[in-house]
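Please read these numbers as outputs of a predicted model, since none were measured by experiment. Convention: sequence-line order gives letters A, B, ...; per-chain numbering from 1.
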2 protein chains.
Amino acid sequence: MLPNQYENIDRFPVALDTIIFGFDRQNLKLLLIKRDFEPEKGNWSLMGGFLEADESLDEAASRILTKLTGLKNIYLEQLYGFGEIDRDPVERTISIAYYSLINIHDHNKELVEKYSARWFPIDDLPDLIFDHHKMVEAAKGRLRHKAATQPVGFELLPEKFTLPELQQLYESIYETDLDKRNFRRRILSMNVLEKTDEKQKKFSKKGAYLYRFDSKKFEKQKAEENGAGLSFKPPKV
Amino acid sequence: MLPNQYENIDRFPVALDTIIFGFDRQNLKLLLIKRDFEPEKGNWSLMGGFLEADESLDEAASRILTKLTGLKNIYLEQLYGFGEIDRDPVERTISIAYYSLINIHDHNKELVEKYSARWFPIDDLPDLIFDHHKMVEAAKGRLRHKAATQPVGFELLPEKFTLPELQQLYESIYETDLDKRNFRRRILSMNVLEKTDEKQKKFSKKGAYLYRFDSKKFEKQKAEENGAGLSFKPPKV
DNA sequence: TATTTAGGTGTAAATATTACACTTATTAGA
DNA sequence: TCTAATAAGTGTAATATTTACACCTAAATA
């Protein structure tokens with residue numbers, strides 16, 4: 001075996017912090033936990049954890065997400081590496097932030113309780129520890145970009161959803177109002193939605209048709225594309 | 001002082017690897033070094049180094065870039081964190097990749113020689129060690145996206161450049177041909193270029209006017225924008 | 001002074017985006 | 001049972017953006 005040439009270099013704890021997005025009727029929300037150890041005990045924080053030797057970064061992020069939500073196979077994407085020297089007062093730590101999109105109704109309530117976690121509307125977040133606020137801002141930007149580029153919003157909705165719900169979601173991602181007719185035309189022209197003949201009457205007397213994201217159609221679309229990406233852009237202001 | 005609650009967690013070397021883009025007349029190029037230590041001694045590699053305790057990730061990436069090129073204040077942007085368990089055979093290492101855009105004629109020749117570094121055309125790269133090829137692919141994608149979104153190509157050109165040169169650059173970034181008239185209209189309508197009254201006659205008898213990136217105009221444009229970003233998109237195929 | 005070379009220029013057609021208002025299905029309450 | 005209320009659903013015209021496309025110009029050199 002080779003001698004380890006890396007003998008004299010510094011080693012650092014590598015943290016993973018996850019920005020967990022959910023969507024609840026009107027509002028984009030984040031799942032935050034109440035930190036139960038010092039420093040900053042009792043303050044709000046992103047769900048996080050440390051990288052272990054036997055897992056990749058993606059695996060670690062996924063493990064940490066599951067630890068809080070009980071969910072597996074969740075949309076999870078690396079966001080950015082945060083490495084300011086003093087970002088964690090305990091010790092110099094590098095944090096790789098991930099963001100994930102989950103169906104807000106679809107998580108393990110006991111686990112969430114165990115971590116004293118709570119959903120906060122994205123526009124009414126508490127103070128966060130360390131540089132977590134910076135991470136959240138980065139995630140908001142990334143989500144906006146992602147949603148403009150790929151039909152990713154579906155991850156935040158239940159399997160079946162109505163177009164008005166989907167529009168609400170996009171409106172809260174972009175923090176702007178969208179025209180109903182233009183929105184429908186655009187989203188339907190992506191050719192990734194399948195209309196069911198069920199109606200959802202929770203929010204109106206008339207009821208709105210339920211749609212389903214059709215991953216077969218999506219794959220087909222992707223294949224027909226030239227890498228430009230399916231796109232849903234917010235209107236220019 | 002608080003006891004260190006992080007006592008029992010794993011620590012890892014944190015590497016920084018930089019994808020260094022340059023542009024030479026016709027071709028987008030990468031600056032690669034010949035690795036002079038085991039493992040993989042003698043093979044081609046991205047310029048890299050390890051994070052030290054007294055520097056942020058950005059500072060470390062910048063230090064490493066300067067080490068090879070002699071250049072400071074260079075366009076440098078974090079790309080992605082690579083963390084597969086076995087990515088480095090010596091030891092489990094996390095690498096944060098950065099990419100940078102430099103003027104290819106504007107680097108310290110002695111340093112480059114010292115590292116046995118060489119510029120390679122982007123479409124004719126040698127085999128690279130570890131997961132460096134994955135990093136390069138990610139950087140190409142990011143550069144494409146960045147160039148479509150912000151007027152970033154200027155970083156790769158000398159202070160004064162002609163529109164045909166700039167077009168060449170975009171053509172090699174997108175690996176496609178662009179229409180001369182449409183390109184000019186688009187790039188000029190961004191309102192960030194200043195025409196000088198000098199001509200560059202290196203490549204034609206008639207000579208082409210030299211332009212300069214006008215950062216004041218750029219700032220003004222940015223201010224007038226609604227965050228959508230100045231954009232130069234490749235034509236849809 | 002004719003030829004060669006790359007630089008420079010405009011317009012029309014096609015496509016994409018935006019703005020905008022009324023009808024429909026259903027429920028609840030008079 | 002009729003009326004009012006509510007959110008869902010639909011089409012078109014105006015504007016803006018993107019694309020396709022071909023000839024003239026300036027300078028050098030043979």
For A/K201, answer base if it contacts any base atom (sugar-phosphate contacts may also be present), sugar-phosphate if it contacts only those atoms, and nothing otherwise; contact means non-hydrogen atoms under 4.0 Å. sugar-phosphate

In residues 202-210 of chain B, which residues come under 4.0 Å of DNA chain D by heavy atom? B/K205, B/K206

Under the side chain to side chain donor-acceptor pair (under 3.5 Å) test, residues paired with B/R181 that sit two or more places apart: none

Please name all residues satisfying side chain to side chain donor-acceptor pair (under 3.5 Å) with A/E155, sequence neighbours left out, ordered by chain then number. none

Of the residues in residues 153-163 of chain A, which ones touch DNA chain C at a heavy-atom distance under 4.0 Å? none

According to side-chain hydrogen bond (donor to acceptor under 3.5 Å, both in side chains), does anything in residues 62-71 of chain A pair up with another residue at least two apart or in another chain? List the pairs. A/E55-A/R63

Please identify each residue that fulfils side chain to side chain donor-acceptor pair (under 3.5 Å) with A/H145, with sequence neighbours left out. B/H145

Donor-acceptor pairs are to be reported for all side-chain atoms of residues 96-122 of chain A against protein atoms at under 3.5 Å, with residues two or more places apart or in another chain.
{"residue": "A/Y98", "atom": "OH", "partner": "A/D58", "partner atom": "N", "Å": "3.4"}
{"residue": "A/Y98", "atom": "OH", "partner": "A/D58", "partner atom": "OD1", "Å": "2.5"}
{"residue": "A/Y98", "atom": "OH", "partner": "A/Q78", "partner atom": "OE1", "Å": "3.4"}
{"residue": "A/Y99", "atom": "OH", "partner": "A/E77", "partner atom": "OE1", "Å": "3.4"}
{"residue": "A/N103", "atom": "OD1", "partner": "A/H105", "partner atom": "N", "Å": "3.1"}
{"residue": "A/H107", "atom": "ND1", "partner": "A/I104", "partner atom": "O", "Å": "2.9"}
{"residue": "A/N108", "atom": "OD1", "partner": "A/E110", "partner atom": "N", "Å": "2.9"}
{"residue": "A/N108", "atom": "OD1", "partner": "A/L111", "partner atom": "N", "Å": "3.1"}

Side-chain atoms of residues 22-33 of chain A: list all donor-acceptor pairs with protein atoms under 3.5 Å, sequence neighbours left out, distances to 0.1 Å.
{"residue": "A/D24", "atom": "OD2", "partner": "A/K29", "partner atom": "NZ", "Å": "3.2"}
{"residue": "A/Q26", "atom": "OE1", "partner": "A/Q168", "partner atom": "NE2", "Å": "3.2"}

In chain order, what residues pass the ring-ring contact (aromatic ring centres under 6.0 Å, His included) check against A/Y80, with sequence neighbours excluded? A/F82

Suppose we call two aromatic rings close when their centres sit under 6.0 Å apart. Are A/F218 and A/F213 close by that rule? yes

Axis bend over the full length of the helix from C/dT1-D/dA30 to C/dA30-D/dT1, computed from five pairs that close each end, to 10 degrees: 10°

Return a table of donor-acceptor pairs under 3.5 angstrom between the side chains of residues 189-204 of chain B and protein atoms on other chains or two or more places apart.
{"residue": "B/S189", "atom": "OG", "partner": "B/R185", "partner atom": "O", "Å": "3.3"}
{"residue": "B/S189", "atom": "OG", "partner": "B/R186", "partner atom": "O", "Å": "2.8"}
{"residue": "B/E194", "atom": "OE1", "partner": "B/R212", "partner atom": "NE", "Å": "3.4"}
{"residue": "B/T196", "atom": "OG1", "partner": "B/E198", "partner atom": "N", "Å": "3.2"}
{"residue": "B/T196", "atom": "OG1", "partner": "B/L210", "partner atom": "O", "Å": "2.8"}
{"residue": "B/E198", "atom": "OE1", "partner": "B/K160", "partner atom": "NZ", "Å": "3.4"}
{"residue": "B/E198", "atom": "OE2", "partner": "B/K160", "partner atom": "NZ", "Å": "2.8"}
{"residue": "B/K199", "atom": "NZ", "partner": "B/K206", "partner atom": "O", "Å": "3.4"}
{"residue": "B/Q200", "atom": "OE1", "partner": "B/K202", "partner atom": "N", "Å": "2.9"}
{"residue": "B/Q200", "atom": "NE2", "partner": "B/E165", "partner atom": "OE2", "Å": "3.2"}
{"residue": "B/S204", "atom": "OG", "partner": "B/K206", "partner atom": "N", "Å": "3.4"}
{"residue": "B/S204", "atom": "OG", "partner": "B/G207", "partner atom": "N", "Å": "2.8"}

Where each residue is assigned the nucleotide of DNA chain C containing its nearest heavy atom, which of A/R185 and A/K199 is assigned the position nearer the 5′ end? A/R185

Name the closest nucleotide to the B/N182 side chain, picking from D/dT19, D/dT10, D/dA22. D/dT19

B/R87 meets the side chain to side chain donor-acceptor pair (under 3.5 Å) criterion, sequence neighbours left out, with B/D131

